[in-house]
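Everything below concerns the one structure shown next.
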Amino acid sequence: VQLQASGGGLVQAGDSLRLSCAASGRTFSSYSMGWFRQAPGKEREFVAAISWNGGSTYYADSVKGRFTISRDNAKNTMYLQMNSLKPEDTAVYYCAAHGNIVVLRQSPTYWGQGTQVTVSS
């Protein structure tokens, strides 16, 4: 699976952004998908994950209630709707995939390139 993230940008605190992750390959619907982020000088961290059919979702406590992960298997695309953005959400956001959603949260198999999200105060 090849993954391509897009949708990042520069916004102000309180604004919204929607990230997309387009996947190639016919087996997209068999993978759990997720988002991670890495801020300058910090380790990459888990943000959100969604099961292969969208039936299960998980979020980091820091984004719960503000971010929503979703997927459209017909379009081979995953999304991350980010609302009420804060300066501490500034990071490079990566999409990732693994066959198992539990493993995905720790050690994804596939990674996309990152997309920069910058939130100004």
Side-chain angles (χ1 to χ4, degrees):
V1 176
Q2 291 186 321
L3 306 174
Q4 176 109 16
S6 62
L10 172 63
V11 297
Q12 293 186 330
D15 285 351
S16 298
L17 270 180
R18 188 175 82 156
L19 305 183
S20 298
C21 177
S24 63
R26 296 174 293 176
T27 58
F28 172 78
S29 61
S30 66
Y31 287 95
S32 293
M33 302 291 296
W35 291 95
F36 293 73
R37 67 186 182 186
Q38 187 167 19
K42 296 187 177 181
E43 293 187 353
R44 188 152 50 186
E45 64 175 1
F46 168 78
V47 175
I50 188 167
S51 60
W52 67 274
N53 64 351
S56 297
T57 56
Y58 300 91
Y59 297 92
D61 288 342
S62 58
V63 306
K64 205 170 292 184
R66 300 188 298 121
F67 291 11
T68 302
I69 190 170
S70 62
R71 66 189 295 163
D72 185 339
N73 286 345
K75 295 182 178 180
N76 279 13
T77 304
M78 172 184 63
Y79 305 98
L80 185 68
Q81 178 66 43
M82 305 186 294
N83 298 330
S84 302
L85 282 162
K86 304 175 180 180
E88 51 264 43
D89 294 319
T90 295
V92 177
Y93 284 71
Y94 300 87
C95 55
H98 193 283
N100 183 295
I101 196 169
V102 175
V103 178
L104 168 68
R105 295 174 65 178
Q106 299 295 328
S107 182
T109 301
Y110 301 101
W111 289 96
Q113 95 296 349
T115 185
Q116 176 72 47
V117 172
T118 303
V119 185
S120 63
S121 57

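Any value given below was found using the heavy atoms of this structure, including those in side chains, with hydrogens, waters and symmetry copies removed. Counting begins at 1 with the first residue of the sequence.
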*Regarding Arg105 and the six-membered ring of Phe46, is the cationic atom NZ or CZ under 6.0 Å from the ring centre and inside 45° of its axis?*
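Positive - Arg105 is close enough to the ring of Phe46 and near enough to its axis.
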*Can you list the steps and then say if Arg71 with Thr77 is a side-chain contact (heavy atoms from CB on, under 4.5 Å)?*
CA-CA 6 Å; Arg71 66 189 295 163; Thr77 304; over 6 Å; no
_Sub-4.5 Å side-chain heavy-atom contact between Leu3 and Trp111_ =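 The answer is no, as the side chains (C-beta and beyond) never meet within the 4.5 Å cut-off.
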*Flag the pair Phe36 / Pro108 as yes when at least one side-chain heavy-atom distance between them is below 4.5 Å, and no otherwise.*
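Phe36 vs Pro108: side chains touch.
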*asked:* Once rounded to the nearest 0.5 Å, what's the spacing between atom CD1 of Ile50 and atom CH2 of Trp35?
replied: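 Spacing of CD1 (Ile50) from CH2 (Trp35) equals 11.5 Å.
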*Once you round to the nearest 0.5 Å, how far does CG of Asn73 lie from OG of Ser29?*
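So the gap between those two atoms works out to 5.0 Å.
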*Would you check, one step at a time, whether the test side chain to side chain donor-acceptor pair (under 3.5 Å) holds for Glu88 with Thr90?*
CA-CA 5 Å; Glu88 51 264 43; Thr90 295; over 6 Å; no
_Between Arg66 and Ser84 (side chain of the first, backbone of the second, donor and acceptor by atom type, cut-off under 3.5 Å), is there such a pair?_
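It does hold such a pair.
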*Side-chain donor/acceptor of Ser120 to backbone N/O of Ala13, under 3.5 Å*: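 Checked: no pair found.
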*How about Tyr93 and Arg37: does a side-chain donor come under 3.5 Å of a side-chain acceptor?*
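Yes, because at least one side-chain N or O of Tyr93 sits under 3.5 Å from a partner of the opposite role on Arg37.
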*Salt bridge or not for Lys64 and Asp61, using N-O below 4.0 Å?*
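Counted as a salt bridge, because a side-chain N and a carboxylate O are separated by less than 4.0 Å.
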*Count the heavy atoms of every other residue, nucleotide or ligand shown that sit under 6.0 Å from CD of Gln116, and state whether that count exceeds 12.*
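Yes - once you tally the heavy atoms of other residues, nucleotides and ligands closer than 6.0 Å, there are more than 12.
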*Apply the test side-chain contact (heavy atoms from CB on, under 4.5 Å) to residues Val47 and Tyr94: give CA-CA distance (whole Å), side-chain angles for both, the deciding distance (0.1 Å), then the verdict.*
CA-CA 9 Å; Val47 175; Tyr94 300 87; over 6 Å; no
*Stepwise, does the side-chain contact (heavy atoms from CB on, under 4.5 Å) test hold for Leu19 with Met82?*
CA-CA 8 Å; Leu19 305 183; Met82 305 186 294; 3.7 Å; yes
